[in-house]
Protein chains: 2
Amino acid sequence: MSELPKYYVYKMRILEMIADLPPGTLIPTERTLALDFGTSRTTVRKAIGELVAEGRLTRTQGSGTYTGGPKITHVRQLTSFTEDAQAIGYTPSSEILEIEQLHVDASHAVEAGHMQLTPGAPFVRIQRVRLGNGEPLGLETACIPGELEGFEERLRERGSLYATLREDFGIRITEVEDGVETYLAGPEEARLLKVEMGSPLLRIDRTGFDDGGRVVEWTVGRFCGDRFRFVARTRAA
Amino acid sequence: MSELPKYYVYKMRILEMIADLPPGTLIPTERTLALDFGTSRTTVRKAIGELVAEGRLTRTQGSGTYTGGPKITHVRQLTSFTEDAQAIGYTPSSEILEIEQLHVDASHAVEAGHMQLTPGAPFVRIQRVRLGNGEPLGLETACIPGELEGFEERLRERGSLYATLREDFGIRITEVEDGVETYLAGPEEARLLKVEMGSPLLRIDRTGFDDGGRVVEWTVGRFCGDRFRFVARTRAA
DNA sequence: GCACAAGATTGGCATAGACCAATCTGGCCG
DNA sequence: CGGCCAGATTGGTCTATGCCAATCTTGTGC
């Protein structure tokens with residue numbers, strides 16, 4: 001591979017083309033660009049596809065392709081999603097998809113393993129979409145060990161998972177460990193996060209501990225790679 | 001999108017096919033699979049492409065497509081890459097590509113901004129590849145403010161950037177902030193990291209601070225998404 | 001003037017095929 | 001037996017095209 005792939009060359013040309021355009025600006029159609037560049041539409045689609053994955057463009061079937069805005073949100077460990085988003089002028093919200101009271105069986109091997117639960121042990125599973133300015137940012141599936149009476153009503157009331165755990169159940173999460181990896185959107189993520197199949201997401205597996213070092217949270221988060229950034233800060237011991 | 005895309009269905013079928021195979025096992029060729037599945041080679045390539053991005057498969061032009069191993073390394077903040085890799089049975093190494101003594105000019109706007117340097121200020125830039133078991137894991141470009149006499153010789157001697165800064169220059173990095181995002185491999189990363197163009201990487205921007213809160217390091221890391229995982233652990237204040 | 005339907009436009013997905021580059025295998029020669 | 005070369009094979013990239021789904025625009029009827 002001594003030469004640059006064609007699609008990459010056109011990707012760079014489109015980048016130059018949109019460099020000074022404000023977010024939300026319509027760019028020429030795929031078919032027009034293919035004619036202008038003298039290349040196939042498939043090649044143009046690939047160039048645009050990468051720019052969409054990077055958040056530099058967004059595209060809507062039947063409508064067109066538009067310049068995207070800056071990557072505009074991040075989340076820090078152990079600060080509130082709400083506070084972080086608001087700090088950068090972003091209106092955060094959450095949408096609860098499902099809350100289940102469960103008992104560990106064979107299908108929960110992964111969750112149980114992370115929370116060190118034995119078969120039959122109770123836990124709560126919460127699935128929600130995190131939004132910013134009304135747009136999906138991420139999909140989280142949180143598991144909390146324990147019976148947690150009336151959990152659903154209280155969480156719907158308070159909105160915040162950590163606040164509910166602390167105020168209503170006396171569970172304080174004092175330490176978290178996050179594992180961060182790339183992840184490709186499957187059908188569920190594409191649907192719920194409104195992203196293209198196969199687009200790169202940031203997957204964050206979180207383990208939350210209480211004062212005694214017990215695992216009190218296991219959360220799998222999948223966040224839109226084009227809009228989201230994870231920040232962690234650590235002091236040396 | 002009420003039905004699953006064809007490529008995704010075949011992706012799942014290939015996953016089932018390779019579920020119990022040991023790493024390094026040759027799977028049928030793209031052309032064979034296209035015939036077997038009764039679909040086009042392009043569709044098969046897309047299914048395989050995602051499995052390659054996830055590290056479940058690797059493919060070599062002229063040779064074939066092989067099952068991949070588990071995602072086998074991670075890095076924690078403020079622990080040594082060497083220690084972390086060895087802890088999971090991985091032989092770590094680094095290859096220094098370039099070390100430059102520079103002075104801030106217009107082309108260094110991003111670096112200068114992060115390190116709060118004024119035009120003309122000296123800094124050192126180090127570009128290296130991080131390897132595990134001889135295979136590239138990531139590409140790092142580190143910038144250190146200051147004149148740093150004899151830095152290159154000392155780093156080549158010690159191998160470790162942090163150890164060199166501490167022992168030879170009295171610079172202790174006591175706090176780091178990492179920003180983690182998805183990133184698509186461009187030509188440089190594809191070449192140096194031996195990954196496919198456009199494959200998803202984990203980009204980690206690191207700012208290192210000394211005791212006085214001064215910025216003493218700005219490093220841009222790009223790590224292979226199919227092999228790498230970033231881990232951060234934080235206690236509540 | 002507003003609402004609805006039809007047609008046009010645009011992106012989404014897949015096919016079939018061509019050609020090139022990298023790797024592997026087998027055969028030949030020293 | 002080992003090394004080298006040629007041919008076969010496999011992945012890498014691109015083209016041209018077709019068809020479908022989602023959105024937008026325009027025209028018609030009330």
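Residue numbers begin at 1 in each chain, while the letters A, B, ... track the order of the sequences. Because only heavy atoms are used, hydrogens play no part in the values below, and waters and symmetry mates are left out as well, while side chains stay in.
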Whole-Å distance between [N] [atom2] and [X] [atom1]?
| X | N | atom1 | atom2 | answer |
| --- | --- | --- | --- | --- |
| A/Tyr10 | D/dT15 | OH | P | 7 Å |
| B/Tyr7 | C/dT15 | OH | C1' | 17 Å |
| A/Leu26 | C/dT10 | CG | P | 9 Å |
| B/Leu57 | D/dG11 | CG | C1' | 13 Å |
| A/Leu33 | C/dT9 | CG | P | 17 Å |
| B/Arg41 | D/dT15 | CZ | P | 16 Å |
| A/Tyr8 | D/dG12 | OH | P | 19 Å |

Residues of residues 43-51 of chain B with a heavy atom under 4.0 Å from any atom of DNA chain C, listed by number, are B/Thr43
Sorted by number, residues from residues 11-23 of chain A placing a heavy atom under 4.0 Å from DNA chain C are none
Choosing from D/dT15, C/dA14, D/dT10, which nucleotide comes nearest the side chain of B/Lys6? C/dA14
Output for pair (B/Leu4 CG, B/Tyr10 OH), nearest 0.5 Å, gives 12.0 Å
Return the OG1 to CZ distance between B/Thr43 and B/Phe37, rounded to the nearest 0.5 Å. 11.0 Å
Test side-chain contact (heavy atoms from CB on, under 4.5 Å) on B/Ile126 and B/Ile144; report intermediate values, then the result. CA-CA 8 Å; B/Ile126 309 107; B/Ile144 313 291; 4.0 Å; yes
State whether a side-chain donor-acceptor pair under 3.5 Å links A/Arg222 with A/Thr141. yes
Do B/Thr164 and B/Arg158 get their side chains close enough for a donor-acceptor pair, meaning under 3.5 Å? no
Does atom CZ (B/Arg59) have a neighbourhood of more than 12 heavy atoms from anything else shown, all under 6.0 Å? yes
Give a yes or no on whether A/Arg128 atom CZ has more than 12 heavy-atom contacts from other residues, nucleotides or ligands under 6.0 Å away. yes
Contacts of type side-chain contact (heavy atoms from CB on, under 4.5 Å), residue B/Pro23, not counting sequence neighbours: none
Sorted by chain and residue number, the side-chain contact (heavy atoms from CB on, under 4.5 Å) partners of B/Glu50 (sequence neighbours excluded) come out as A/Leu184, B/Tyr7, B/Lys11
Of the residues in residues 59-68 of chain B, which ones touch DNA chain D at a heavy-atom distance under 4.0 Å? B/Arg59, B/Thr60, B/Gln61, B/Gly62, B/Ser63, B/Gly64, B/Thr65
Residue pair B/Thr42/B/Glu30 against DNA chain D: nearer the 5' end by closest nucleotide is B/Glu30
Residues 12-29 of chain B vs salt bridge (charged side-chain N to carboxylate O under 4.0 Å, His left out), sequence neighbours excluded, gives none
Comparing B/Thr39 and B/Arg31 on DNA chain C - which has the more 5′ nearest nucleotide: B/Thr39
Do B/Leu201 and B/Thr182 come close enough that some side-chain heavy atom pair is under 4.5 Å? no
